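I have placed the structure first, in the form of structure tokens, so that the comments after it can refer back to it.
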Protein chains: 4
Amino acid sequence: MSPRRPERRSEEAAQAVVQAALELCQEVGYGKLSIEGIASRAGVGKNTIYRWWPSKGAVLLDGLLSAMSVDASMADTGDIVADLKAQMIAAVGALGDTPLGAQYRALIGEAQHNPELARALLDRFIEPLRTASALRIELAQRKGQIRSDLDSEFLVEMLYGPLYYRLLLTQRVPERARIEAIVDTAFAGIAPS
Amino acid sequence: MSPRRPERRSEEAAQAVVQAALELCQEVGYGKLSIEGIASRAGVGKNTIYRWWPSKGAVLLDGLLSAMSVDASMADTGDIVADLKAQMIAAVGALGDTPLGAQYRALIGEAQHNPELARALLDRFIEPLRTASALRIELAQRKGQIRSDLDSEFLVEMLYGPLYYRLLLTQRVPERARIEAIVDTAFAGIAPS
Amino acid sequence: MSPRRPERRSEEAAQAVVQAALELCQEVGYGKLSIEGIASRAGVGKNTIYRWWPSKGAVLLDGLLSAMSVDASMADTGDIVADLKAQMIAAVGALGDTPLGAQYRALIGEAQHNPELARALLDRFIEPLRTASALRIELAQRKGQIRSDLDSEFLVEMLYGPLYYRLLLTQRVPERARIEAIVDTAFAGIAPS
Amino acid sequence: MSPRRPERRSEEAAQAVVQAALELCQEVGYGKLSIEGIASRAGVGKNTIYRWWPSKGAVLLDGLLSAMSVDASMADTGDIVADLKAQMIAAVGALGDTPLGAQYRALIGEAQHNPELARALLDRFIEPLRTASALRIELAQRKGQIRSDLDSEFLVEMLYGPLYYRLLLTQRVPERARIEAIVDTAFAGIAPS
DNA sequence: CAATAAGCGAGACGGTACGTCCAGTCTTCTT
DNA sequence: AAGAAGACTGGACGTACCGTCTCGCTTATTG
């Protein structure tokens with residue numbers, strides 16, 4: 001009845017592949033990362049990679065997920081502004097100027113012309129983060145800390161957009177003060193007082 | 001003394017290359033775009049491409065620039081909110097759901113792991129747009145239409161960030177109403193009134 | 001002490017393998033014949049093949065033997081010339097322009113660089129035929145129908161050599177008249193009368 | 001007008017390929033000979049091989065031809081029997097128990113299921129030898145040294161057939177005396193005197 | 001006004017990696 | 001306890017491009 005995808009037999013092979021991909025990507029960069037290289041580094045046949053992943057990007061996405069052990073939940077201290085700042089600072093700390101960050105950016109880049117990868121990236125990484133933030137925002141809206149006439153997803157984009165602009169377009173990492181300014185400005189608005 | 005970059009002899013060859021790159025990219029997608037393919041389509045020797053461009057991305061960037069005939073200037077009707085909305089709507093119209101938009105996104109993507117291309121893209125495309133917007137914003141600040149305690153570049157990021165978030169992360173194109181909401185919300189702030 | 005070759009448990013599996021090999025070889029040709037293909041066609045695990053045969057050639061040799069149900073005995077009508085002609089015509093009929101012939105030729109070909117297969121082919125197919133012919137020839141020698149100063153194996157080679165020359169080098173099949181000419185000429189000699 | 005096959009640019013590459021193929025074939029055997037191996041040994045890209053040869057067999061055929069610098073002409077001392085014996089002994093000396101002989105046999109073997117190679121082998125190696133022998137035989141026929149009621153090609157097969165039988169089927173090399181016996185017997189016939 | 005250099009098309013070259021197929025071994029589950 | 005199923009490492013396949021390199025040919029100064 002079910003498609004009967006066979007069980008992944010060799011879990012250690014899978015881990016070796018993902019690990020090798022992460023290492024190699026840091027050593028030679030995403031552009032020169034090759035499935036042959038991953039296979040050889042992992043001591044694995046190429047087929048084993050092709051059996052379980054559709055592209056090198058997919059392997060790297062698995063690597064990203066395992067390395068991040070992504071904590072989608074967002075703190076709730078009662079202070080939405082502080083919570084947002086903390087979350088954004090943490091995110092930039094993890095995915096900013098780090099090897100992992102470079103891989104994340106490369107994945108977003110590859111996704112621009114690889115719809116399959118785009119889907120996977122969205123479903124398994126970006127959406128969970130979006131949702132976590134959106135939920136926290138909705139809570140704040142119910143508490144009257146944020147305008148409640150705005151869609152929570154829209155608010156996520158308003159807040160995180162400036163972060164990604166920096167990350168992807170100028171490839172510089174916003175420092176702490178700038179992140180705090182983003183949140184403060186988003187709350188206060190840019191119209192003259 | 002100087003590297004003696006020779007004059008570009010064959011202007012028509014250059015145009016054929018750029019044109020072929022644009023066409024091919026639309027036909028087969030950025031991922032399958034190859035310099036061999038461009039050369040063959042353009043009826044040009046591979047060397048002619050390597051002589052003038054460092055990578056396929058650079059060719060495509062030239063194509064993007066020529067196709068956009070980028071108008072960096074930003075209208076000034078006196079109403080900064082209207083001008084920003086108009087500019088953003090126009091930008092999304094040109095670079096959103098169009099073939100050119102796909103190429104632009106692919107270039108941003110490639111730039112994530114190709115510093116040389118990142119530099120060129122920034123200098124020749126993104127910065128001019130940023131600057132144009134920044135100048136218009138500074139004018140508005142001087143007129144008291146925008147808070148003047150904020151850096152204009154920062155303001156650009158606050159306004160355009162949400163646009164790029166949609167474009168690059170969810171790969172959906174913000175429709176007109178959403179763009180207007182972005183500007184309005186940026187001005188008004190998201191704090192409860 | 002002995003290698004303990006286990007009993008062949010599944011006789012039907014063995015037959016399915018051999019049958020599948022024959023069919024596949026006719027369909028895709030010896031060069032593209034693979035053990036994987038045979039196993040899958042036969043509905044058999046690859047191991048089952050590796051357990052009983054050392055190479056795809058060995059499987060095919062079994063197929064050849066079973067398909068020929070090789071009749072090593074040679075008719076004895078009393079007329080050695082007629083008997084030789086009949087035997088050679090029959091052989092060419094079976095192994096000449098037929099699917100089975102193509103497989104036989106492929107096996108001889110493979111044997112040129114596969115000593116193990118060469119040995120098996122010789123022992124189980126070629127030698128029995130040689131011996132049958134040699135025995136019939138010795139009988140004829142005793143009856144005074146053939147020179148008795150020549151070794152019977154040598155005579156087999158003199159008679160069958162021209163047949164195989166055609167078969168293996170020019171890959172054309174000698175027709176009936178030519179076969180008869182071979183025998184007649186071998187008897188009469190090529191010296192001018 | 002003509003198909004314009006481009007001139008072979010790098011003659012040294014071609015020679016390196018053929019040389020590497022000969023060496024490797026002797027070292028690892030025809031069965032384990034691979035185009036990758038040849039390319040790597042020759043210090044050549046795989047494409048360079050695929051550009052000029054359709055299969056590893058074709059490379060080896062070139063090697064065989066160059067190593068043999070095939071002398072198709074056949075001596076004419078006036079004594080056809082002696083000439084035939086000399087030619088056959090020489091042929092067996094070159095292609096019998098030698099590395100080159102193993103390659104020749106492997107090529108004949110491969111040709112059994114590779115029609116393209118079969119054609120090339122026939123045209124460039126076997127036919128020239130056949131023709132040389134046939135011409136010499138026709139001369140002898142005109143001199144009355146051989147029955148003239150028989151086709152010269154047929155005679156070639158009668159004489160060389162027993163040689164190839166040994167070579168290809170039993171993979172033993174006929175020694176000098178046996179070769180002489182073949183010729184003598186072919187002339188005298190096997191009918192009792 | 002030759003000659004002489006440069007750019008040009010074409011495409012061969014040594015390479016790297018692709019994605020596929022198969023070899024031969026090993027493991028798991030079924031009968 | 002043998003067999004089917006098929007995952008595993010590994011090697012080679014034949015293809016596509018990479019970026020470099022000759023080739024002749026055309027063109028455009030420049031001695």
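Within every chain, numbering begins at 1; the chains are lettered A, B, ... in the order of the sequence lines, protein sequences first and strands thereafter. Given the structure is predicted, the values throughout are model-derived calculations rather than measurements.
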May I ask you to evaluate whether [X] reaches the phosphate of [N], defined as a side-chain N or O under 4.0 Å from OP1 or OP2?
X       : N      : value
B:Trp52 : E:dC8  : yes
D:Thr48 : E:dA12 : no
C:Arg51 : F:dG3  : yes

Calculate the interatomic distance between [X] atom [atom1] and [N] atom [atom2]; express it in whole Å.
X        : N      : atom1 : atom2 : value
D:Glu116 : F:dG14 : CD    : P     : 12 Å
B:Glu11  : E:dG7  : CD    : C1'   : 14 Å
D:Gln15  : E:dC13 : CD    : P     : 13 Å
C:Glu12  : F:dA2  : CD    : P     : 16 Å
A:Trp53  : E:dG19 : CH2   : P     : 15 Å
A:Ile49  : E:dA17 : CD1   : C1'   : 13 Å

* **Name of the residue among B:Glu23, B:Gln19, B:Glu36 meeting side chain to side chain donor-acceptor pair (under 3.5 Å) with B:Arg41** =>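 Result: among B:Glu23, B:Gln19, B:Glu36, B:Glu23 is the only option passing the side chain to side chain donor-acceptor pair (under 3.5 Å) with B:Arg41.
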* To do: Assign each of A:Pro54 and D:Val44 to its nearest nucleotide of DNA chain E by heavy atoms, then name whichever residue's nucleotide is nearer the 5' end.
  =>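 It is D:Val44 whose nearest nucleotide is closer to the 5' end.
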* Start at the 5' end of DNA chain E and walk down; is the nucleotide closest to C:Lys56 or to B:Ala42 reached first? ->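 Closer to the 5' end of DNA chain E: B:Ala42.
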* How many angstroms lie between CG in C:Leu60 and CG in C:Leu33, if you round to the nearest 0.5 Å? ->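 Reported value, rounded in 0.5 Å steps: 6.0 Å.
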* To do: Kindly compute the distance separating NZ (B:Lys56) from CG (B:Leu107), expressed to the nearest 0.5 Å.
  =>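 B:Lys56 NZ to B:Leu107 CG: 10.0 Å, rounded to 0.5 Å.
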* **Any donor-acceptor N/O pair, A:Gln15 side chain to A:Glu11 backbone, under 3.5 Å** =>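 Side chain of A:Gln15 to backbone of A:Glu11, a donor-acceptor pair under 3.5 Å: no, none is there.
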* Asked: Are the side chains of A:Arg124 and A:Asp62 in touch, meaning some heavy atoms are under 4.5 Å apart?
  ->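 Yes - at least one pair of side-chain heavy atoms lies under 4.5 Å apart.
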* To do: Hey, which sits more toward the 5' end of DNA chain F by its nearest nucleotide, D:Lys46 or A:Gly43?
  =>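 Its nucleotide being nearer the 5' end, the pick is A:Gly43.
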* By nearest nucleotide on DNA chain F, pick out whichever of A:Asn47 and B:Asn47 is the more 5' one. =>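 Comparing both residues, the 5'-ward one is A:Asn47.
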* For side-chain hydrogen bond (donor to acceptor under 3.5 Å, both in side chains), just list the numbers for D:Tyr30 and D:Glu110, CA-CA rounded to whole Å, side-chain angles, deciding distance to a tenth of an Å, and then say yes or no. => CA-CA 10 Å; D:Tyr30 182 82; D:Glu110 179 80 3; 3.2 Å; yes
* To do: Please say whether more than 12 non-hydrogen atoms of neighbouring residues, nucleotides or ligands are located less than 6.0 Å from CD in B:Glu27.
  =>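 Atom CD in B:Glu27 is packed in, count exceeds 12.
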* When you get a sec, tell me which of F:dC13, E:dG9, F:dG10 is the closest nucleotide to the side chain of D:Tyr50? =>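 So the nucleotide nearest the side chain must be F:dC13.
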* Asked: Which residues, if any, of residues 29-39 of chain A bring a heavy atom under 4.0 Å of DNA chain F?
  ->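 Residues of residues 29-39 of chain A under 4.0 Å from DNA chain F: none.
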